[in-house]
Engineer: 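Okay, here's the structure, questions in a sec.
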Amino acid sequence: APRLAAFGREHPSLTIELVTGGATLDLARREADIAVRLFRSQHESLVVRRVGEMAHGLYASEAYLTRRPVTGAEALSEHAILTTTPGPTVVEAAWVERVTSGARPAFVSNLTIALVEAARAGAGIAVLPRYLGDREPTLRRIPMEDEPREPIWLTVHRDLARTRRVRVVLDFLAERFKRDSALLLGQ
């Protein structure tokens, strides 16, 4: 959001509208001009470009880890797990289910910020994007093997891809994802 706000100040004639949530807007029906997605759209009227990759990891507060130390991946099934809503394209939910041996989650939300706040409050171990978990000073990362990564796709309707207002936003987003690649991967 801060990057988009700065971009908006540089281009005051554009309206930047950031819509998040579980519903996928249909670009083929022009419900949005541009989408940043964690899945590759297949519709023939869309232009799709891979612009980056995002890594996930496990995080818990120092207070939680003091109360309930993690002795290894095999012990995760005994912990309170905070995870995102499962779905066919949600790689981190499938990964956390696998590494916790299918432990029943203590808290599930499709709002990443809710998972961050629950972890900060000491509610358990959260699966979070590395760019959020690594920047939160009250959380500690619990390194695991095969931490999931997922591609980031810019998607636009073919008819809009070359219009000036859309092109300037696409170029900005592609450049930001490139510049922020280390942050997104937790490096």
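Below, each value reflects all heavy atoms present in this structure, side chains not excepted, and no hydrogens, waters or symmetry copies.
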Engineer: Are any of the side-chain heavy atoms of Thr84 and Leu111 separated by less than 4.5 Å?
Structural biologist: no
Engineer: Does one hydrophobic cluster hold both Leu46 and Phe39, with members joined at side-chain heavy-atom distances below 4.5 Å?
Structural biologist: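 They do not share one cluster, since no chain of ILVMFWY contacts under 4.5 Å joins Leu46 to Phe39.
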Engineer: More than 12 heavy atoms of other residues, nucleotides or ligands under 6.0 Å from CD of Gln187: yes or no?
Structural biologist: yes
Engineer: Any side-chain heavy atom of Val169 within less than 4.5 Å of one from Asp33?
Structural biologist: no
Engineer: Check whether Glu31 reaches the backbone of Asp26 with its side chain - one donor and one acceptor, N or O, closer than 3.5 Å.
Structural biologist: yes
Engineer: The criterion is side chain to side chain contact (heavy atoms under 4.5 Å, CB included); which residues satisfy it with Arg40, sequence neighbours excluded?
Structural biologist: Gln42, Val48, Trp153
Engineer: Say you draw a straight line from CZ of Arg165 to OG of Ser13; how long is it, rounded to the nearest 0.5 Å?
Structural biologist: 10.5 Å
Engineer: Is Pro105 close to Leu82 at the side-chain level, that is, under 4.5 Å between some pair of heavy atoms?
Structural biologist: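 No, too far: nothing below the 4.5 Å cut-off.
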Engineer: Does any non-hydrogen side-chain atom of Glu150 lie less than 4.5 Å from one of Glu53?
Structural biologist: no
Engineer: Partners of Arg9 by side chain to side chain contact (heavy atoms under 4.5 Å, CB included), sequence neighbours excluded?
Structural biologist: Ala5, Ala6
Engineer: Holding to side chain to side chain contact (heavy atoms under 4.5 Å, CB included), I want the full list of residues that pass it with Ala121, two or more places apart in sequence or in another chain.
Structural biologist: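 None.
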Engineer: Please identify each residue that fulfils salt bridge (charged side-chain N to carboxylate O under 4.0 Å, His left out) with Arg130, with sequence neighbours left out.
Structural biologist: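 Checked Arg130 against salt bridge (charged side-chain N to carboxylate O under 4.0 Å, His left out); matches are Asp134, Glu147.
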Engineer: Rounded at 0.5 Å granularity, tell me how far CZ in Arg67 sits from NE2 in His79.
Structural biologist: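 Atom-to-atom, Arg67:CZ and His79:NE2 are 11.0 Å apart.
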Engineer: Which Ile, Leu, Val, Met, Phe, Trp or Tyr residues join Leu58 in one cluster when any pair of side-chain heavy atoms under 4.5 Å counts as a link?
Structural biologist: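 Its cluster partners, ordered by chain and number, are Tyr64, Leu65, Val70, Leu76, Ile81, Trp95, Val96, Val99, Ile125, Val127, Ile142, Met144.
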Engineer: List the residues meeting salt bridge (charged side-chain N to carboxylate O under 4.0 Å, His left out) with Arg158, not counting sequence neighbours, and say none if there are none.
Structural biologist: none
Engineer: What are the two closest heavy atoms between Gly122 and Ser61, and how far apart are they?
Structural biologist: CA-OG, 3.5 Å
Engineer: Would you say Leu27 and Leu18 are hydrophobically clustered, going by side-chain heavy atoms of ILVMFWY under 4.5 Å?
Structural biologist: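 They do not share one cluster, since no chain of ILVMFWY contacts under 4.5 Å joins Leu27 to Leu18.
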Engineer: Output all residues satisfying salt bridge (charged side-chain N to carboxylate O under 4.0 Å, His left out) with Asp180, sequence neighbours left out; order by chain, then residue number.
Structural biologist: Arg3, Arg176
Engineer: Is Ile34 close to Leu170 at the side-chain level, that is, under 4.5 Å between some pair of heavy atoms?
Structural biologist: yes
Engineer: Evaluate side-chain contact (heavy atoms from CB on, under 4.5 Å) for Leu4 paired with Leu173, printing each intermediate quantity in order.
Structural biologist: CA-CA 9 Å; Leu4 289 173; Leu173 290 171; 4.1 Å; yes
Engineer: Look up atom OG1 in Thr100 and atom CD in Glu78, then write down how far apart they are to the nearest 0.5 Å.
Structural biologist: 11.5 Å
Engineer: Answer yes or no: is there a side-chain heavy-atom contact under 4.5 Å between Ile152 and Leu184?
Structural biologist: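 With C-beta onward as the side chain, the pair touches.
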Engineer: Please indicate whether Arg162 has more than 12 foreign heavy atoms, meaning atoms of other residues, nucleotides or ligands, lying under 6.0 Å from its CZ.
Structural biologist: no
Engineer: Answer yes if the side chains of His43 and Ser41 hold a donor-acceptor pair under 3.5 Å, and no otherwise.
Structural biologist: no
Engineer: Got a sec, which pairs hit ring-ring contact (aromatic ring centres under 6.0 Å, His included) with one end in residues 164-187, sequence neighbours left out?
Structural biologist: Phe7-Phe172
Engineer: Heavy atoms, side chains only, cut-off 4.5 Å: are Tyr59 and Glu136 in contact?
Structural biologist: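 A side-chain contact is absent here, since even the closest heavy-atom pair is not under 4.5 Å.
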Engineer: Would you sort out whether Met54 and Arg149 count as a side-chain contact (heavy atoms from CB on, under 4.5 Å), showing the intermediate values?
Structural biologist: CA-CA 5 Å; Met54 182 172 59; Arg149 293 179 172 200; over 6 Å; no
Engineer: Hey, any chance Leu128 and Val108 share a hydrophobic cluster, counting ILVMFWY side chains that come within less than 4.5 Å of each other, even indirectly?
Structural biologist: no
Engineer: Please answer whether the main-chain N or O of Ala161 pairs with a side-chain N or O of Arg167 as donor and acceptor at a distance below 3.5 Å.
Structural biologist: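 Confirmed, Arg167 side chain pairs with Ala161 backbone.
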Engineer: State, to 0.1 Å, how close Ala126 and Leu115 come at their nearest heavy-atom pair, and which atoms those are.
Structural biologist: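 That would be CB-O, 4.0 Å.
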Engineer: Would you check if Val91 and Leu38 make a side-chain contact, meaning some heavy-atom pair closer than 4.5 Å?
Structural biologist: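 With C-beta onward as the side chain, the pair stays apart.
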Engineer: List in chain and number order the residues that pass salt bridge (charged side-chain N to carboxylate O under 4.0 Å, His left out) with Arg140, two or more places apart in sequence or in another chain; answer none if no residue qualifies.
Structural biologist: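 Once residues adjacent in sequence are excluded, the partners of Arg140 under the salt bridge (charged side-chain N to carboxylate O under 4.0 Å, His left out) criterion are Glu62.
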Engineer: Which residue pairs pass the salt bridge (Lys or Arg N to Asp or Glu O under 4.0 Å) test when at least one of the two sits in residues 95-119, sequence neighbours left out?
Structural biologist: Glu117-Arg120
Engineer: Does Leu185 sit in a hydrophobic cluster with other residues, and if so which ones, taking ILVMFWY side chains as linked at heavy-atom separations under 4.5 Å, directly or through other members?
Structural biologist: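 Its cluster partners, ordered by chain and number, are none at all.
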Engineer: Shortest non-hydrogen contact from Ala123 to Ala80?
Structural biologist: O-CB, 3.3 Å
Engineer: Is there a path of hydrophobic side-chain contacts, each under 4.5 Å between heavy atoms of I/L/V/M/F/W/Y residues, joining Val156 to Val36?
Structural biologist: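 Linked within one cluster.
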Engineer: Is Val168 linked to Val47 within one hydrophobic cluster, defined over Ile, Leu, Val, Met, Phe, Trp and Tyr using a side-chain heavy-atom separation of less than 4.5 Å?
Structural biologist: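 Yes: a chain of side-chain contacts under 4.5 Å links Val168 to Val47.
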Engineer: Would you sort out whether Arg30 and Asp159 count as a side-chain contact (heavy atoms from CB on, under 4.5 Å), showing the intermediate values?
Structural biologist: CA-CA 10 Å; Arg30 308 283 175 92; Asp159 293 345; 3.0 Å; yes
Engineer: Can you name the side chain to side chain contact (heavy atoms under 4.5 Å, CB included) partners of Ser77, sequence neighbours left out?
Structural biologist: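 With neighbours one apart ignored, the set is Ser101, Ala103.
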Engineer: Write down the atom of Thr66, the atom of Pro69, and the distance for their closest heavy-atom approach.
Structural biologist: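 Result for this residue pair: O-CD, 4.0 Å.
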